[in-house]
Number of protein chains: 2
Amino acid sequence: MNINKSCSNNPNYRQQQFEQNCPIEYTMALIGSKWSIAILRELLKGDRRTHELAEALPGISSKTLTLRLRTLEKHGIIRRKVYPEIPPHVEYSLTEKGRELQPAIAILKQVGQRLLSQEEAFRPLKVNSEVTQRKEA
Amino acid sequence: MNINKSCSNNPNYRQQQFEQNCPIEYTMALIGSKWSIAILRELLKGDRRTHELAEALPGISSKTLTLRLRTLEKHGIIRRKVYPEIPPHVEYSLTEKGRELQPAIAILKQVGQRLLSQEEAFRPLKVNSEVTQRKEA
DNA sequence: CAGGATCCCGTACGATACTG
DNA sequence: CAGTATCGTACGGGATCCTG
């Protein structure tokens, strides 16, 4: 596991350029930016036109939407189909490769649920640094 | 699944403050920032002193390291033990809650490996937008 | 309708000191 | 050794306007 070493001392973390070697960084580059997962979740439900995505993701800016879509496309995660009509018609769909992200997204959700429930249960949520006596003394 | 709706139109994504409801956002708040996973992976190997972490994570600044550690601690992911000695001695360890992040990290790695191998296999890596004829016509 | 071009801002992170 | 304080920067992302 050379991941700790090679992974994160990388200024371009979560950018188009990443360490090229670290699988974790690669995944994070795909799903780590703000709207990526939301877009992917939407496309997991089915193909979507641009404005359908925009409407399903209230708050996203058109700039960010296209930027994320371009990046995902670049990595072969989604496919972009242009129907040369007027008005324009563009449809996005997940590729097979893109569907492989689903388990990752699912786990992120599962783990989050478990951790959230624990957070509610104990309600510490504040720094509870312990001061301990010397280890051996 | 109200996640798309509630999840990501949130300006504080991946910050200490998050939507409080979305599990995915919560997980991303924990592991989404640059050095989080690297730190967690190191602590998964065993308890670590501050400088041990710093040395294992070449490139991280002391500021960022402590910031990440504080955040993780705040969420009950790690534990901070202070041995009041001179020179100071602080030791970090994963909590039980923190260990639950391991499967997520593992999946991120697995998925990344699979996707990376496909990337090498096909080497498209460029935008290959298709222009298609009208759907029905 | 899809999306490019600008302008702007918050902030996460790095570099570099400096303390107890 | 562990951590804070300060300063500077890059960049992700929002808002707005504009085009084919």
Side-chain angles (χ1 to χ4, degrees), chain A residues 8-18 28-39 47-55 57-73 78 80-92 127 129-132 134-135, chain B residues 8-18 28-39 47-55 57-73 78 80-92 127 129-132 134-135:
Chain A
S8 294
N9 52 347
N10 171 4
N12 298 311
Y13 185 74
R14 208 175 310 113
Q15 293 318 109
Q16 276 83 323
Q17 343 294 347
F18 39 87
M28 292 302 286
L30 296 178
I31 66 176
S33 31
K34 187 174 173 188
W35 294 93
S36 303
I37 293 186
I39 292 172
D47 299 3
R48 290 287 187 275
R49 300 187 54 169
T50 312
H51 73 273
E52 291 174 325
L53 286 173
E55 286 154 21
L57 277 33
I60 195 173
S61 69
S62 107
K63 174 190 164 187
T64 302
L65 177 56
T66 40
L67 181 62
R68 293 275 74 81
L69 290 169
R70 292 294 172 280
T71 303
L72 291 171
E73 186 190 7
I78 66 176
R80 177 171 180 266
K81 262 191 187 169
V82 179
Y83 300 91
E85 306 172 358
I86 295 184
H89 178 163
V90 177
E91 198 146 338
Y92 294 95
V127 179
S129 298
E130 315 168 17
V131 175
T132 317
R134 290 208 45 152
K135 227 168 184 173
Chain B
S8 294
N9 51 348
N10 171 3
N12 298 310
Y13 186 74
R14 207 175 315 111
Q15 294 317 112
Q16 277 84 324
Q17 343 293 347
F18 40 85
M28 291 303 285
L30 296 177
I31 66 176
S33 31
K34 186 173 174 187
W35 294 93
S36 303
I37 294 185
I39 292 172
D47 299 2
R48 289 288 187 273
R49 300 188 53 169
T50 311
H51 72 275
E52 292 174 324
L53 286 173
E55 286 155 21
L57 276 35
I60 195 172
S61 67
S62 108
K63 174 189 163 188
T64 302
L65 177 57
T66 40
L67 181 62
R68 292 276 73 85
L69 290 169
R70 291 294 173 278
T71 303
L72 291 170
E73 187 190 8
I78 67 175
R80 177 172 181 266
K81 262 191 186 168
V82 179
Y83 300 91
E85 307 172 356
I86 294 183
H89 178 162
V90 176
E91 197 144 339
Y92 293 95
V127 179
S129 298
E130 315 168 16
V131 175
T132 317
R134 289 208 48 151
K135 226 167 188 176

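Sequence lines set the chain letters: A, B, ... in the order given, protein chains first and strands last, and positions in each chain run from 1. Predicted model only: the values in this text are computed from it and were never measured. What you see below is based on every heavy atom in this structure, not just the backbone, and it leaves out hydrogens, waters and symmetry mates.
As rounded to whole Å, 11 Å separates atom C1' of dC1(D) from atom CD of E55(B). dA2(C) atom C1' lies 10 Å from atom CG of L65(A), rounded to whole Å. Look at CD on E73(B): it is 15 Å from P on dA2(D), rounded to the nearest Å. The separation between E91(B) atom CD and dA2(D) atom P is 10 Å, rounded to whole Å. If you measure from atom CG of L69(A) to atom C1' of dG13(D), you get 15 Å, rounded to the nearest angstrom. For the pair E85(B) CD and dC1(D) C1', the computed distance is 10 Å after rounding to whole Å. Atoms CG (L67(B)) and P (dA2(D)) sit 17 Å apart, rounded to a whole Å. As a whole-Å value, the separation of R68(A) CZ from dA2(C) P is 19 Å.
The side chain of T66(A) approaches dG4(C) more closely than any other nucleotide in the set dG14(C), dG4(C), dG14(D). Among the nucleotides dA2(D), dG13(D), dG3(C), the one closest to any side-chain atom of H51(B) is dA2(D). Nearest to the side-chain atoms of T64(A) among the listed nucleotides dC1(C), dA2(D), dG14(D) stands dG14(D). In this structure, of dG14(D), dG3(C), dA2(D), it is dG14(D) that holds the atom nearest to the side chain of K34(A).
The shortest non-hydrogen separation linking R49(B) to P88(B) is NH2-O, 3.4 Å. Here the closest heavy-atom approach between residue L30(B) and residue L72(B) is recorded as O-CD2, 3.8 Å.
Every residue meeting the salt bridge (Lys or Arg N to Asp or Glu O under 4.0 Å) condition with R48(B), not counting sequence neighbours, appears here in chain and number order: E42(B). Remark: S61(A) pairs with T64(A) by the side-chain hydrogen bond (donor to acceptor under 3.5 Å, both in side chains) rule, at least two apart or across chains.
Side-chain contact between L53(B) and L69(B): present, with at least one pair of heavy atoms (C-beta onward) separated by less than 4.5 Å.
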Under 3.5 Å, N/O pairs linking protein and nucleotides 15-20 of chain C:
none

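For dC1(C), the OP1/OP2 oxygens have no side-chain nitrogen or oxygen of R48(A) closer than 4.0 Å.
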